[in-house]
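Scroll down for the structure; my scribbles are underneath it.
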Amino acid sequence: MMGVNRRDFLRIAGLTAAIGMGGKTAFDLLWPGQLDAAEGGVEGWWKSKTPENPLFPGDMAPGNEVPNPAELTAKRWGMALDMRKFTAATRAAVVKACNQVHNVPAIPGNQNIKWIWETSFEHAFPDLAQEYMDNEVHDLPFLVLCNHCDNPPCVRVCPTKATFRRADGIVMMDMHRCIGCRFCMAACPFGSRSFNFADPRKFFPDGKEPNPTYPTRTKGVVEKCTFCTERLAKGELPACVEVSGGAMLFGDMADSGSPVRQALRTRYAIRRKNELGTAPQVYYLI
Amino acid sequence: MLEKALKGEPRYWAWVVFLLVVIGAGFGAYLVQYTEGLTITGMSRDVTWGFYIAQFTFLVGVAASAVMLVLPYYLHHYKAFGRITILGEFLAISAVTMCLLFIIVDLGRPMRLMNVLLHPTPNSILFWDMVVLNGYLFINLFVGWAALGAERKELPPPKWTKPLIYLSIPWAVSIHTVTAFLYAGLPGRGFWLTAIMAPRFLASAFAAGPAVLIMLALLVKKLTKFDAGKEAIESLAKIITYAIILHLFFFFLEVFTVAYSAIPGHLSHLQYLYFGLHGHPSNVMPLMWLALCCGFTSIALLIVPKWRQNHKILLPAVILVFICTWIDKGIGMISGGFVPNPLHEITEYAPTGLELMITFGVYAVGALVLTILYKTAITVKQYKELT
């Protein structure tokens, strides 16, 4: 897509249609223009990006990697949730902040979208739950989100590199490349990914997204928590961390002085499904 | 040669029109899905693959099973398969066509399909699945067509098809192995995380594919007087007998490891399928038991040579084999893998009416491809025999 001009693209499309992955050219005939929106359009959009365009944070657009001096950077981003500091109000504020900042719609039923949500200990840590555990921990709702694994199975299975791991460890989604095969959702052992079964814009109250500066998604693509890359680029902490009142820590795992590393030195921490070897970078301080 | 498919009795045309109507209805349903999104299906955040991917998996097996004809016929010069091999190759073409269509109707953004080629990603098994499926489609198309064309001219098959035929043997194994790898390499899905998945897929495929082929051969014989041959049918029935026994044997190997080790992450899926989980009966429970009953009954009917040589017993037996293997892959594979979800919650899946219409539409496309190819092949073969 990127670096492939339209003529090349159509040539490849024609060739591949001829060798049996058809459908593409048929679609082009049936819905002219849609192809541009779905394919070539992305390139155009990137080119039209200006530094003022809030839809594209500086780190994402090729050719626009002008470093923002305020940008927060790390060798390896990680997060710790201090379970002793969470209250019902904090949890609600965290989930609400994330949903609002990222225009996560409230879709009724089981085709919903979740970036960060509350669940019980048994569901967050099915392999650690036992009958006689500490009541306090057992009854404590846990917030779960994408673990931004060091060894992410979702990235391994994606057939188009639409989900990828950035140099700073954040597992990202390219919503314009995703073909909606949902292989990543089968691969994620944490249920952290959501698919846009329908147009998410239909589910915003009054039909308007809560945050006009963050892009809404289209139907047919997968999405998930991004550790707020768009906020890091502006020098801000992730939205959840900001409203958590110190219950959520965020920092560079490669920096022994970072708040996460400091907390992990003195507190007992657990990770979800450690045994699967995906190396989650979200730690729960018990 | 294809012009042979343009001449037929009213019965033939009525069947073609019927298929076109089903395809039209399926396409209409697909247009609704295309506009509304996959929300019109019964899939959910927890069960993210459904009927489409299940049918895809089953049909990859049907396609791969052509090797059960190609291998004896071309490698061991087993002459009895001389008339039926082309039917197997053409069945494979129809099955792979349906596989590709099922993948396409399952995509959230089908227009971006070509991204798989524009951004080839060798670490993704789906990329390799696309490579092997398309490769297999063309191998069979070239080999089948060339063999039929040569037969029409009463010549031996052209020499260039030989290497392709030999290649098609491991290639057939590869398509179902790679399809099993789609599932068997995912860390958080205990039901699929098993090395026996590829062999079990192949065993059930080598039962299901020849079962379909026997049904088709008997139907073709009734409709057109084209006889695939008594010995060919008997040999296929033998292959089915071995394969269905292997399939159930592999299934019990899986059940043993899972149940005796009793590791919850693996056991809970089987529990869900056959007994329900946490007091929650599963909606597929009756079907899963039905599949087992069909499997065992079919073995009882097939294992006695006298019985399986009698078409009055063989036909119901292969229908039972079909039901057993279809439920195993078309229903249990997906429900069992996704329920319970990684957070150990239960969200059940059932296809919607529109989802089924699209599914029937794809099957009708496959049936139409098969009808046209069979019509051509049988006309060529019968003409040759008459003169």
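Every chain is numbered from 1, with letters handed out A, B, ... down the list of sequences.
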Legend entry - Cation-aromatic face contact A/Lys219/A/Phe197, 6.0 Å, 45 degrees: no

Legend entry - Side chain, backbone, both or neither of A/Val222 within contact of chain B (heavy atoms, under 4.5 Å): neither

Legend entry - Check: B/Arg45/A/Ser194 side-chain N/O donor and acceptor closer than 3.5 Å: yes

Inset, instruction - Check whether any side-chain heavy atom of A/Lys224 lies under 4.5 Å from a side-chain heavy atom of A/Trp115, and answer yes or no. - result: no

Inset, instruction - Apply the side-chain contact (heavy atoms from CB on, under 4.5 Å) test between B/Phe56 and each candidate in B/Leu100, B/Asp106, B/Asp129; give the one that qualifies. - result: B/Asp129

Inset, instruction - Check the surroundings of atom CZ in A/Phe203: do more than 12 heavy atoms from other residues, nucleotides or ligands lie under 6.0 Å from it? - result: yes

Legend entry - A/Phe195 six-ring centre to A/Arg182 NZ/CZ under 6.0 Å and within 45° of normal: yes

Legend entry - Residue part contacting chain B, namely of A/Lys202, when any heavy atom lies under 4.5 Å: side chain

Legend entry - Verdict with supporting geometry, B/Phe191 and B/Tyr183, ring-ring contact (aromatic ring centres under 6.0 Å, His included): CA-CA 9 Å; B/Phe191 185 68; B/Tyr183 301 98; 9.6 Å; no

Legend entry - Charged N-O contact under 4.0 Å between A/Asp150 and A/Arg165: yes

Inset, instruction - Please state whether the side chain, the backbone, both or neither of B/Phe338 comes within less than 4.5 Å of a heavy atom of chain A. - result: side chain

Legend entry - Atom group of B/Thr48 that falls short of 4.5 Å from chain A, counting heavy atoms: both

Legend entry - Side chain / backbone / both / neither for A/Cys158 at chain B, heavy atoms under 4.5 Å: backbone

Inset, instruction - Identify which part of A/Lys161 has an atom lying under 4.5 Å from any heavy atom of chain B, answering side chain, backbone, both or neither. - result: both

Inset, instruction - For chain B, find which of A/Asn112, A/Thr278, A/Asp127 contributes the most heavy-atom pairs closer than 4.5 angstrom. - result: A/Asn112

Inset, instruction - Determine, for B/Trp49 and B/Arg189, whether the Lys NZ or Arg CZ falls below 6.0 Å from the six-membered ring centre while staying within 45 degrees of the axis. - result: no

Inset, instruction - Sort B/Thr35 into side chain, backbone, both or neither according to what part of it lies under 4.5 angstrom from a heavy atom of chain A. - result: backbone

Inset, instruction - For A/Glu122 and A/His138, test the side chains for any donor-to-acceptor distance below 3.5 angstrom and give the result as yes or no. - result: yes

Legend entry - Per-residue contact mode, B/Leu182 against chain A (heavy atom under 4.5 angstrom): both

Inset, instruction - Among the options B/Pro342, B/Pro264, B/Gly188, pick out the one with the most heavy-atom pairs lying under 4.5 Å from chain A. - result: B/Pro342

Legend entry - Contacting moiety of A/Ser120, where chain B heavy atoms sit under 4.5 Å: neither

Inset, instruction - Using a cut-off of under 4.5 Å on heavy-atom pairs, state which of A/Pro153, A/Gly180, A/Pro189, A/Pro159 scores highest against chain B. - result: A/Pro159

Inset, instruction - Pick whichever of B/Gly37, B/Pro122, B/Ser124 has the most heavy-atom pairs under 4.5 Å with chain A. - result: B/Ser124

Legend entry - A/Thr119 portion near chain B, given a 4.5 angstrom heavy-atom threshold: side chain

Legend entry - Between A/Asn274 and A/Arg271: side-chain donor-acceptor atoms closer than 3.5 Å: yes

Legend entry - Part of B/Leu186 within contact of chain A (heavy atom distance under 4.5 Å): side chain

Legend entry - B/Asn341 portion near chain A, given a 4.5 angstrom heavy-atom threshold: neither

Inset, instruction - Answer with side chain, backbone, both or neither: which region of A/Arg193 has an atom nearer than 4.5 Å to a non-hydrogen atom of chain B? - result: backbone

